[in-house]
Number of protein chains: 2
Amino acid sequence: MPEQNAGLDTLPRFVVDRSSPVPLYFQVAQHLEDSINSGALPTGTLLQNEVDLAASLGLSRPTMRRAMQHLVDKGLVVRRRGIGTRVVHPKLRRPLELTSLYDDLARAGREPTTRVLSFEHVEAGAGVAENLGVAEGSTVVEVVRLRSAGGSPIAKMTNYLPESIVSFTEDDLATHGLYELVRQQGVALHSATQTLGARTATAAEARLLEEPRGAALVTATRTTYDDHGTAVEFGTHIYASSRYTFEINLLT
Amino acid sequence: MPEQNAGLDTLPRFVVDRSSPVPLYFQVAQHLEDSINSGALPTGTLLQNEVDLAASLGLSRPTMRRAMQHLVDKGLVVRRRGIGTRVVHPKLRRPLELTSLYDDLARAGREPTTRVLSFEHVEAGAGVAENLGVAEGSTVVEVVRLRSAGGSPIAKMTNYLPESIVSFTEDDLATHGLYELVRQQGVALHSATQTLGARTATAAEARLLEEPRGAALVTATRTTYDDHGTAVEFGTHIYASSRYTFEINLLT
DNA sequence: CAGTGGTCTAGACCACACC
DNA sequence: GTGTGGTCTAGACCACTGT
C-alpha cells in the first residue's frame, strides 16, 4: 500500500490529441506540469508507475518515459529505481532559461517600462570588440536603456550588438525585451555567460537610479551566443540593489 | 558534398564495451565529448548522421540518439532537422553545476584556505527556520567561515544545517567544501535556489574582508534541497566584490 | 518476492532543409 | 528528390528497492 498515490484521479480524464502537431510526450508532460503547479499533484506525491500511465493514456512506454524525463529535466519530479516518481518542492521551477529583465518583471506583474537613453552606431572599443568577437573599430550598435518598474528605476543597461542583426527600431525597444526582438529576427539563441559582481555607484549613477550616494550596485556583464558560437550581444548592466536581486535555480 | 565532415576517422576506431556496467549511450557520449575537448572534432564540425554512426558502432538508432541528446544537454553540439549535428563553441562548457566557492577557487588554482570562525549548535530563528523548513526554535548547526585565496579574504559564509545531517567536524571544514562533506554522508543533492544582490559593508565586515569602509559587497543567500525536497542547507554569504565575481552559464 | 525505473532493440512514419 | 533529425511503437532484459 503506497503512502501516497495519484494520477488515478486526474490523469485518466486527460486524453492526448493525436491530430495535434504538438508531440505526444510534450502534451503529457505539459498536463502533468499543470497538475503539479495547480496543486492537484502536491509535493511528495508518488505518481503512478510509467507502465500503467502509458497504458491508461494509450501511449507506448518510451513516449511516457520521455514525458517523465522532461519533468525531471525541469526539476519538478525525482525518479528512483525501485521506488517511483515523486513530486518535489514546487518552489523550484524554471531552472534554466535565458530570460531578460523585461520578461522577469512582466512575469512578476511589476509593469516594466523602458526608456531608451541612446541608440546609435559606434565604433567598437577593445573590450566590446573582444567580447563580441568583432574587429576593433568596426561598427556596432550601442543601446542604453533605463528600465523601471512601478515608477522606480531598476537598472541601466548598456548593450552592444553587431550591426548586421539589428533591424528593430528605438520604439520597439521601449515595449519589448532585447532577446525577444533578436529572436524574432530568426536568430537562434544558444547560450550565454554572465558575470555578476558589485560596486558602489558614481554620483551620476546614483542620481539615475534614485539611490543614495555611494549605494552598492549589482553589476552584470553578459555575452550571448547563437547556434554557431557567434556572439550575438554583449552587455554591461547595473542594478539598483535595493529594488532588484538575481534569482538563480540550479540543478545538480 | 558537405563542407566539413567528421566521425569517419575517429569514431570507427572506437568500440563500445558491452560487458561494462556503463550504459552504451554514455560510453558513446563520453567518447564524443573527449573528441570534442581534445580538438579532434573542432568547432563547426558537422558530425556524421546518427543512422550511420549507430550502424558503424553496432548500436540501435535510439541509443545513438540518446548519446547525441546527452551532448545537446551539455551544450556541446547543436542539432538541426534537415541539416545535421554541429559542434559549437568549445568555450561554453559546464553549463550549470552546483559548485561551491571552495571548488571554484581550487579549480582556478587559487589555493583556497578556510578559517572556521564558529561552529555551534543554535536555536533556529524565524528566517532560518522558514528557509530550512524546520520548526522555529529547533536546534540547527551554524557554521561561519572565512574563505581566503592567495592570502586575501574572499568571503564570509554563514551556513545553517539540520543537526541530523552533520557528522563532520570543524577540522573537516577547513580542508573541504561544505557540499563535498554533505555528499559524502550519502545525501543526494538535488537543486538549489540562490539569490544574489549587493549592499555596502558594515565597519566590521569591511575589516574582516580587508575592504575599504563602505565598500560594495556581493550578497548571496542559498537554499539547497535533496531529492525529497527537504532543505539540506541554508546560507547567507558576503563576498569581497573586488576579488570575486559570479560566473554563470545559461543554456536556452 | 513483486514492483519500480533504466537500458536497449528494430523497425516505422513524419517534418524540415537543401538541391 | 534526397538526406537529416524528430517522433513513436511494442516489445525485451536488467538493476535496484522494499516486503
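Note that the coordinates shown come from a computational prediction; the quantities given were computed from them, not determined experimentally. Numbers restart at 1 for each chain; the letters A, B, ... are given by sequence-line order, proteins then strands.
- If you measure from atom CG of Leu57(A) to atom P of dC8(D), you get 13 Å, rounded to the nearest angstrom.
- At a cut-off of 3.5 Å, with distance as the only test, no side-chain donor of Thr114(A) or Arg145(A) sits close to an acceptor on the other residue.
- Look at Asn49(A) and you won't find any side-chain N or O under 4.0 angstrom from OP1 or OP2 of dG3(C).
- By the 4.5 Å heavy-atom criterion applied to side chains, Thr43(B) and Val88(B) are not counted as neighbours.
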For this session: Quick one, give me the B/S/- string for nucleotides 11-19 of chain D, reading 5' to 3', where B means a protein heavy atom under 4.0 Å from the base and S means that only happens at the primed atoms, P, OP1 or OP2.
Result: -B--BBSS-

For this session: Please step through side chain to side chain contact (heavy atoms under 4.5 Å, CB included) for the pair Thr85(A) and Val78(A), ending with a clear verdict.
Result: CA-CA 6 Å; Thr85(A) 305; Val78(A) 179; over 6 Å; no

Exercise. Yes or no on side-chain hydrogen bond (donor to acceptor under 3.5 Å, both in side chains) for Ser35(A) and Ser38(A), after CA distance, side-chain angles and deciding distance?
Worked result: CA-CA 5 Å; Ser35(A) 300; Ser38(A) 74; 5.4 Å; no

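- Listed by chain and number, the residues in a side chain to side chain donor-acceptor pair (under 3.5 Å) with Glu170(B) amount to none (sequence neighbours excluded).
- Summary for the helix from dC1(C)-dG18(D) to dC18(C)-dG1(D): the axes at its two ends, each from 5 pairs, differ by 20° when rounded to the nearest 10 degrees.
- Atom-to-atom, CD of Gln27(B) to C1' of dC8(C) comes out at 13 Å; the value is rounded to the nearest Å.
- Considering only side-chain N and O atoms, Arg18(B) lies nowhere under 4.0 angstrom from the phosphate OP1 or OP2 of dT7(C).
- Residue Met68(B) contributes atom CE, which lies 11 Å from atom P of dT4(D) at whole-angstrom precision.
- OP1 or OP2 of dC8(C) has not a single side-chain nitrogen or oxygen of Tyr25(B) nearer than 4.0 Å.
- Leu59(B) places its CG atom 14 Å from the P atom of dT7(C), with the value rounded to the nearest Å.
- If you take CZ of Arg86(A) and C1' of dG5(C), they are 14 Å apart, rounded to a whole angstrom.
- One atom, CG of Asp17(B), and another, P of dT7(C), lie 16 Å apart when rounded to the nearest Å.
- Thr63(B) has a side-chain polar atom (N or O) that falls below the 4.0 Å cut-off from OP1 or OP2 of dT9(C).
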In residues 132-142 of chain A, what donor-acceptor pairs under 3.5 Å come from side-chain atoms, sequence neighbours left out?
| residue | atom | partner | partner atom | Å |
| --- | --- | --- | --- | --- |
| Ser138(A) | OG | Ala135(A) | O | 2.6 |
| Glu142(A) | OE2 | Tyr160(A) | OH | 2.9 |

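- Regarding contacts with the backbone of dC16(C), every side-chain N or O of Arg80(B) stays at 4.0 angstrom or more from both OP1 and OP2.
- Within the structure, a side-chain polar atom (N or O) of Arg79(A) is placed less than 4.0 Å from OP1 or OP2 of dG6(C).
- Arg66(A) has a side-chain polar atom (N or O) that falls below the 4.0 Å cut-off from OP1 or OP2 of dT7(D).
- Taking the nucleotide of DNA chain D with the nearest heavy atom to each of Val22(A) and Asp52(B), the more 5' of the two is matched to Asp52(B).
- Arg81(A) pairs by the side chain to side chain donor-acceptor pair (under 3.5 Å) definition with nothing, not counting sequence neighbours.
- Residues Glu233(B) and Arg222(B) are not paired through a salt bridge, judged by the lack of any N-O separation under 4.0 Å between the basic side chain and the carboxylate.
- Residue pairs meeting the salt bridge (charged side-chain N to carboxylate O under 4.0 Å, His left out) criterion with at least one partner in residues 14-40 of chain B, sequence neighbours excluded, are Glu33(B)-Lys74(B).
- Here the C1' atom of nucleotide dG3(D) and the CD atom of Glu50(B) are 12 Å apart, to the nearest Å.
- Between Leu32(A) and the options Val77(A), Leu41(A), Val87(A), a side-chain contact (heavy atoms from CB on, under 4.5 Å) holds for only Leu41(A).
- Atom pair Leu24(A):CG and dT9(D):C1' shows a separation of 11 Å (rounding to whole Å applied).
- For Ser60(B), taking side-chain heavy atoms from C-beta onward, the closest of the listed nucleotides dT9(D), dA10(C), dG6(C) is dA10(C).
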